[in-house]
2 protein chains.
Amino acid sequence: MSQDELKTVEEYMRKNGLRWTSQRRQIAREAFATHDHFSADDLLDVCKQKDVRVSRATVYRTLGMLEEAGFVEGLDTGDGGKKYEHVLGHEHHDHMVCTKCGRIIEFFDQELERRQERAASRHGFLIESHSLKLFGKCRDCR
Amino acid sequence: MSQDELKTVEEYMRKNGLRWTSQRRQIAREAFATHDHFSADDLLDVCKQKDVRVSRATVYRTLGMLEEAGFVEGLDTGDGGKKYEHVLGHEHHDHMVCTKCGRIIEFFDQELERRQERAASRHGFLIESHSLKLFGKCRDCR
DNA sequence: ATTGATGCAAAAGATTTGCAAACTG
DNA sequence: CAGTTTGCAAATCTTTTGCATCAAT
């Protein structure tokens, strides 16, 4: 279950003088419930279906907050949209996005990470985050 | 100069039954003139400053066209915007984006490319394009 | 002449923001 | 209670579109 994760978020909020409101709890709960990639609006829809009433603005605000705190990670889908995925219990990974069916495949390669760090330091650049996406056709669509 | 490049674009247009209009020429000319990354609106501004009259819509349409044809490449800046850079005579490279001053630094690492290919094939994924961006602080802003 | 291209302004899509009202600590 | 948050709707920002007019072939 996501009880522990929710506790962690609550703790974070409280420690930072942020309030643990019912909306924030609901949003965090949903964010951890899906093991999929979701947009702010996707999450809003799920809330509506469950008769949980939160405003669109709050979803955006809270998701932004959770992202900043590192509980979720946002990735631009390249079509002007943004998708989130929760991070707790996940190792860092990159993404392959199928340009036909929209499927998102996660992958990780330690050497990739290392080379990025190395490239950055060559330019005196300090990496805060990175985004590596491979666009193309997944096994089923190629 | 960019005469050859313009010729190449003109040729491409004609071969594809597209018309070589003064607007398209101007836009292509500007796109090749800057060796920087520019947004559609940046390019529009330059045109205005030079008293070259083109509409915003045409800039967007033409840039999209040039991108599809492979003359320019677009990259999402992560803040909802999109920047272009011309491609002719450029080798492929990735980007570091300074989150403070917006500066874009180009870099390339052959090994990075290889590992991406390898990761893709492990998942039966066929790469059509990729996007690797490092977000952080550049030398001057860190 | 045809048919594609342009410009304008309105539309769209995603996200943000101002502000009064509601709620948390 | 004081100070945050919320919800709403209006505002942004960037890009796209419909359509009448204009221009390239």
Give the rounded distance in Å between these two atoms: CD of Q26(B) and P of dA5(C).
17 Å
Nearest whole Å is fine: how far is dG25(C) P from L18(A) CG?
11 Å
Using a 4.5 Å cut-off between side-chain heavy atoms of Ile, Leu, Val, Met, Phe, Trp and Tyr, which other residues end up in the same hydrophobic cluster as M96(A)?
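Cluster partners of M96(A): I105(A), F107(A), L112(A), F125(A), I127(A), L132(A), L134(A), M96(B), I105(B), F107(B), L112(B), F125(B), I127(B), L132(B), L134(B).
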Please give the remaining members of the hydrophobic cluster of F135(A), linking ILVMFWY side chains under 4.5 Å, ordered by chain and number.
V97(A)
Identify, residue by residue, the members of residues 49-73 of chain A with a heavy atom below 4.0 Å from DNA chain D, and return them in order of residue number, or none.
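Heavy-atom cutoff 4.0 Å gives R53(A), V54(A), S55(A), A57(A), T58(A), R61(A).
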Please tell me if T21(B) has a side-chain N or O lying less than 4.0 Å from either OP1 or OP2 of dT6(C).
yes
Could you check whether the rings of F71(A) and Y12(A) sit parallel, tilted or perpendicular, using 30° and 60° as the cut-offs?
perpendicular
Taking all non-hydrogen atoms of both residues into account, name the closest pair between F32(B) and H35(B) and its distance.
O-NE2, 4.1 Å
Could you tell me whether K133(A) and D76(A) make a salt bridge, using a distance below 4.0 angstrom between a side-chain N and a carboxylate O?
no
State plainly whether the residues K7(A) and E10(A) are in salt-bridge range, i.e. N to O under 4.0 Å.
yes
On DNA chain D, which is the earliest and which the latest nucleotide, 5' to 3', with an atom closer than 4.0 Å to a heavy atom of chain A?
dG3(D) to dC8(D)
Take atom [atom1] in [X]; do more than 12 heavy atoms of anything else shown fall under 6.0 Å from it?
X: E68(A); atom1: CD; result: no
X: R53(B); atom1: CZ; result: no
X: R118(A); atom1: CZ; result: no

Between the first and last five pairs of the helix from dA1(C)-dT25(D) to dG25(C)-dC1(D), the angle of the axes, rounded to 10 degrees
30°
Using the salt bridge (charged side-chain N to carboxylate O under 4.0 Å, His left out) criterion, which residues pair with K50(B)? Sequence neighbours excluded.
E30(B)
Where each residue is assigned the nucleotide of DNA chain D containing its nearest heavy atom, which of R14(B) and K82(B) is assigned the position nearer the 5′ end?
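Between the two, 5'-proximity favours K82(B).
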